[in-house]
Amino acid sequence: LTLDGLGGESDPAIVTSPGTPLTTIDVATTAPVTLRDLTILKPGVNGVLGNGAVNVTLERLSLVSVSTGPGTNRLVRIVNNAAQSGGRARLVARESSFDGARTGTLAVSLQADIDARIERNHIRRMNICIFVISVGPAGITADIVDNDMDECEGRTAIDVGPTPTQVTAFGTTGVVNIVGNTIRNS
């Protein structure tokens with residue numbers, strides 16, 4: 001599935017949900033899903049949620065938190081335990097704009113056995129800009145490259161590793177390359 005905004009002379013293609021839903025766009029297939037040239041307004045908990053061994057590509061999106069729902073809010077969230085889903089998730093997020101609007105939102109949250117590439121994005125006014133944690137022994141392989149992050153007002157801009165409340169070892173493995181990113185707090 002590819003959802004591609006037309007652009008051109010017309011107004012931008014906007015995707016949102018009424019009220020305060022759990023998720024604006026829910027990806028629940030292992031088939032490749034590409035979202036391109038869209039504005040996604042997140043009024044609830046998750047903007048784009050991928051659950052399981054999803055294969056998601058996000059290109060040239062504008063993701064904006066317009067309000068929050070209960071609990072931790074995220075513009076993009078991928079959750080996958082390979083032992084349960086039978087496979088690894090995949091995410092490519094490139095050349096997109098993430099605006100948390102100071103709502104306590106995370107831009108990209110990976111809680112998954114996943115192969116990810118997060119590159120050339122503009123990330124602003126977030127709690128944590130990028131959060132990465134593996135949930136099982138299949139581990140994470142991620143490249144976080146050439147992103148421009150400003151006003152990540154939580155505990156960190158890029159958070160990689162176990163949660164602060166973790167009490168036992170997950171036995172996870174993986175490699176997360178963090179290269180060429182600009183991190184400011186204007």
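All residue numbers in this chain count up from 1 along the given sequence.
To the nearest 0.5 Å, atom CD1 of residue Ile118 and atom CZ of residue Arg94 are 12.0 Å apart. Taken from OG in Ser97 to CG in Leu61, the straight-line distance is 9.5 Å, to the nearest 0.5 Å. Between the CD atom of Gln111 and the OG1 atom of Thr72 there is a distance of 8.0 Å, given to the nearest 0.5 Å. If you take CZ on Arg60 and CD on Glu95, they are separated by 6.5 Å, rounding to the nearest 0.5 Å. Note that the OG atom of Ser65 and the NZ atom of Lys42 stand 3.5 Å from one another [nearest 0.5 Å]. The distance from atom CE of Met149 to atom CD1 of Ile183, rounded to the nearest 0.5 Å, is 4.5 Å.
Thr68 approaches Thr103 most closely through the heavy-atom pair CG2-O, 3.2 Å. The minimum heavy-atom distance between Gly87 and Ser85, with the atom names listed, is O-OG, 3.0 Å. Ala89 and Ile78 make their closest contact through CB-CG2, 3.9 Å (heavy atoms, listed as atom of the first residue, atom of the second, distance).
Cluster annotation: Ile178 and Val92 are assigned to distinct hydrophobic clusters (Ile/Leu/Val/Met/Phe/Trp/Tyr, side-chain heavy-atom contacts under 4.5 Å, transitive). Taking hydrophobic clusters as Ile, Leu, Val, Met, Phe, Trp and Tyr residues chained together by side-chain heavy-atom distances below 4.5 Å, Val45 does not share a cluster with Ile133.
With sequence neighbours excluded, the residues satisfying side chain to side chain contact (heavy atoms under 4.5 Å, CB included) with Arg88 are Asp113, Asp115, Ala138, Thr141. In this view, Ser96 satisfies the side chain to side chain donor-acceptor pair (under 3.5 Å) rule with no residue, not counting sequence neighbours. For Arg117, the side chain to side chain donor-acceptor pair (under 3.5 Å) criterion is met by Glu119, Asp143, not counting sequence neighbours. Every side chain to side chain contact (heavy atoms under 4.5 Å, CB included) that Ser67 has, sequence neighbours left out, goes to Pro43. Among residues two or more places apart in sequence or in another chain, the salt bridge (charged side-chain N to carboxylate O under 4.0 Å, His left out) test is passed with Glu153 by Arg102. Residues satisfying the side chain to side chain contact (heavy atoms under 4.5 Å, CB included) test with Ala116, not counting sequence neighbours, are Leu91, Leu110, Ile114, Ala142. In this structure Thr20 satisfies the side chain to side chain contact (heavy atoms under 4.5 Å, CB included) test with no other residue, sequence neighbours excluded.
Members clustered with Val145: none, using a 4.5 Å side-chain heavy-atom cutoff among hydrophobic residues. Hydrophobic cluster membership of Val66, counting Ile, Leu, Val, Met, Phe, Trp and Tyr whose side-chain heavy atoms lie under 4.5 Å apart directly or via other members: Ile14, Leu41, Val64.
Between Ile140 and Val160, every side-chain heavy-atom pair lies at or beyond the 4.5 Å cut-off. Considering only heavy atoms from C-beta on, Cys129 stays 4.5 Å or farther from Ile158 through its side chain. Residues Val76 and Phe98 form a side-chain contact, since some pair of their non-hydrogen atoms from C-beta on lies under 4.5 Å apart. Side-chain contact between Asn121 and Leu58 is absent, with no heavy atoms from C-beta onward closer than 4.5 Å.
The backbone N or O of Phe131 lies less than 3.5 Å from no partner atom in the side chain of Asp159, so there is not a single donor-acceptor pair. The backbone N or O of Arg184 sits nowhere less than 3.5 Å from a side-chain atom of Asp148 that would complete a donor-acceptor pair. Side-chain N or O atoms of Asn81 include one that pairs as donor or acceptor with a backbone N or O of Ala83 at under 3.5 Å. Side-chain atoms of Asn181 come within 3.5 Å of backbone N or O of Asn147 as a donor-acceptor pair.
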Leu38 and Leu3: side chain to side chain contact (heavy atoms under 4.5 Å, CB included), yes or no, with the steps?
CA-CA 8 Å; Leu38 299 168; Leu3 186 55; 3.8 Å; yes

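For residues 33-102, no pair satisfies disulfide (SG to SG under 2.5 Å), with sequence neighbours left out.
Residue Ser62 forms a side-chain contact (heavy atoms from CB on, under 4.5 Å) with just one option from Ile40, Thr39, Asp99, Asp37, and that option is Thr39.
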Only distances under 3.5 Å count here; give the side-chain donor-acceptor pairs of residues 46-57 to other protein atoms, sequence neighbours excluded, each with its distance to 0.1 Å.
unit_1 : atom_1 : unit_2 : atom_2 : d
Asn55  : OD1    : Arg90  : NH1    : 2.9
Thr57  : OG1    : Arg90  : NH1    : 3.4

Under 3.5 Å, side-chain donor or acceptor atoms of residues 23-35 against the rest of the protein: list the pairs with distances, not counting sequence neighbours.
unit_1 : atom_1 : unit_2 : atom_2 : d
Thr29  : OG1    : Ala31  : N      : 3.1

